[in-house]
Each structure stands twice: as C-alpha cells, then as structure tokens.
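Chain A is the first sequence line, chain B the second, and so forth, proteins listed ahead of strands; every chain is numbered from 1. Computed over heavy atoms, backbone and side chain alike; hydrogens, waters and symmetry mates excluded. For clarity, every value in this text was computed on a predicted model and none was experimentally measured.
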Amino acid sequence: MKFQDVYRVVKLIPKGMVMSYSGVARQCGSPRSARYVGFALHALPANTRVPWWRVINARGRISNQYAPDKQRRRLEAEGVVVNDQMRVDMHLFDAEAIVYQKLKRT
DNA sequence: CCAATGACCGTAA
DNA sequence: GTTACGGCCATTG
C-alpha cells in the first residue's frame, strides 16, 4: 500500500458521498492502515484533483484539523449533509460498497 | 539503517 | 454517551 494506492481509491468515491479512512484502507487491501491514509492525504498538494474532502473518520466526523471548514463547504456543495457537530450520517452517505464494486469490476 | 511520525480504529471500562 | 490505550505501517529525516 502506497500513496498512489490511496489516491486511486479516493478518486473512485462518487460525488456526494463519503468514505472513512479505514474504508479506504480496506479497499487498498491493507485494513489496518487507516492512520496511514490520513498521512497520504495530508501530503497532497493544494491543487490536487484527488477528492480528499470525501474522506472522514469511521464515526462520520470530519477529523481534518487543517481545513475543516473548507472540507465541510465542499461536502455540502455536493449535497452531503453535515450537522452542527461536523458529523455525517455514514448510513446514508458511505460509498465503500460502491467503490468495492468498482474495483471488483476490474 | 533506525526511530519517529501521523487528517485513525477497535476494544475495553 | 465518554476517555484511554495499543496497534498500525509507509514515509521521512
């Protein structure tokens, strides 16, 4: 599992949906590397086209400490509902199953 | 090479 | 619902 593996999976998250760090790690084939996913996203340049804002923690919370407001605005712009505690309902917006199907198809 | 470092997670109390 | 802790592992210095 490398940075590029993380980016490849994150790019498969559809607009208007989210995925947890651990979910991304699972779909990369390294289920225990959730922490590393955050490390990979942190390393992204500002102008990247990798949709890093669609990755939140497993409890549905925005845990980005660097640009939480930007992340929230981008999610809401796509139709993702973020409540006043920076939380998203993972039951409604989790894209892991969809990403899994996309990867399976290859 | 080795140790430290994370935008984390699951379990336990 | 909460806090605490150990495990995780590619990258970096």
Between A/Trp53 and A/Glu78, a side-chain donor and acceptor under 3.5 Å: yes
task: Looking only at side-chain atoms of A/Gln71, point me to the closest of C/dT11, C/dC8, B/dA7.
output: B/dA7
task: Kindly write out the residues that satisfy side chain to side chain contact (heavy atoms under 4.5 Å, CB included) with A/Phe39, not counting sequence neighbours, or none if the list is empty.
output: A/Phe3, A/Tyr36
- request: Please report the shortest heavy-atom distance between A/Gln27 and A/Leu103, naming the atom on each side.
  value: O-CD1, 3.7 Å
query: For the pair made of CZ in A/Arg74 and P in B/dA7, what is the distance, rounded to whole Å?
result: 18 Å
message: For C/dT11 and A/Tyr36 - does any side-chain N or O of the residue sit under 4.0 Å from the phosphate oxygens OP1/OP2?
response: yes
query: Does a side-chain N or O from A/Ser22 land closer than 4.0 Å to OP1 or OP2 of B/dC8, or not?
result: no
message: Contact list please: residues 1-17 of chain A against DNA chain C, heavy atoms, distance less than 4.0 Å, in numerical order.
response: A/Met1, A/Lys2, A/Phe3
- prompt: How close do A/Pro14 and A/Ile98 get, heavy atom to heavy atom, and via which atoms?
  reply: CG-CG2, 4.0 Å
- prompt: Roughly how many Å is it from CZ in A/Arg26 to P in B/dC9, rounded to a whole number?
  reply: 9 Å
statement: Rounded to whole Å, the CE-P distance (A/Met90 to B/dG10) equals 10 Å
message: From the set C/dC8, B/dA7, B/dG10, return the single nucleotide nearest to any side-chain atom of A/Arg35.
response: C/dC8
query: Under 4.0 Å between a side-chain N or O of A/Ser33 and OP1 or OP2 of C/dC8?
result: no
query: Just how far, in rounded Å, is C1' of C/dT2 from CD of A/Gln85?
result: 13 Å
task: Measure from OH on A/Tyr66 to P on B/dT5 and round the result to the nearest Å.
output: 13 Å
Closest approach of A/Met1 to A/Val6 (non-hydrogen atoms, all atoms of both residues): CE-CG2, 3.7 Å
Interatomic distance, A/Asn64 CG vs B/dG6 P [rounded to whole Å]: 14 Å
DNA chain C contacts made by residues 50-60 of chain A, counting heavy atoms under 4.0 Å: none
statement: For A/Ile56 and A/Arg61, the nearest pair of non-hydrogen atoms, with its separation, is CB-O, 3.4 Å
query: Just how far, in rounded Å, is C1' of B/dG6 from NE2 of A/His42?
result: 8 Å
task: Count the heavy atoms belonging to other residues, nucleotides or ligands that lie under 6.0 Å from CZ of A/Arg74, then report whether that count exceeds 12.
output: yes
message: Could you report the tightest heavy-atom contact between A/Val82 and A/Arg72, atom names first, then the distance?
response: O-NH2, 3.2 Å
task: Under the salt bridge (charged side-chain N to carboxylate O under 4.0 Å, His left out) rule, what do A/Arg8 and A/Asp5 come out as? Steps first, then yes or no, please.
output: CA-CA 5 Å; A/Arg8 191 178 313 125; A/Asp5 299 320; 3.1 Å; yes
message: Tell me the interatomic distance from A/Arg32, atom CZ, to C/dC9, atom C1', rounded to whole angstroms.
response: 12 Å
Polar side-chain contact A/Tyr21-B/dA7 base: donor and acceptor under 3.5 Å: yes
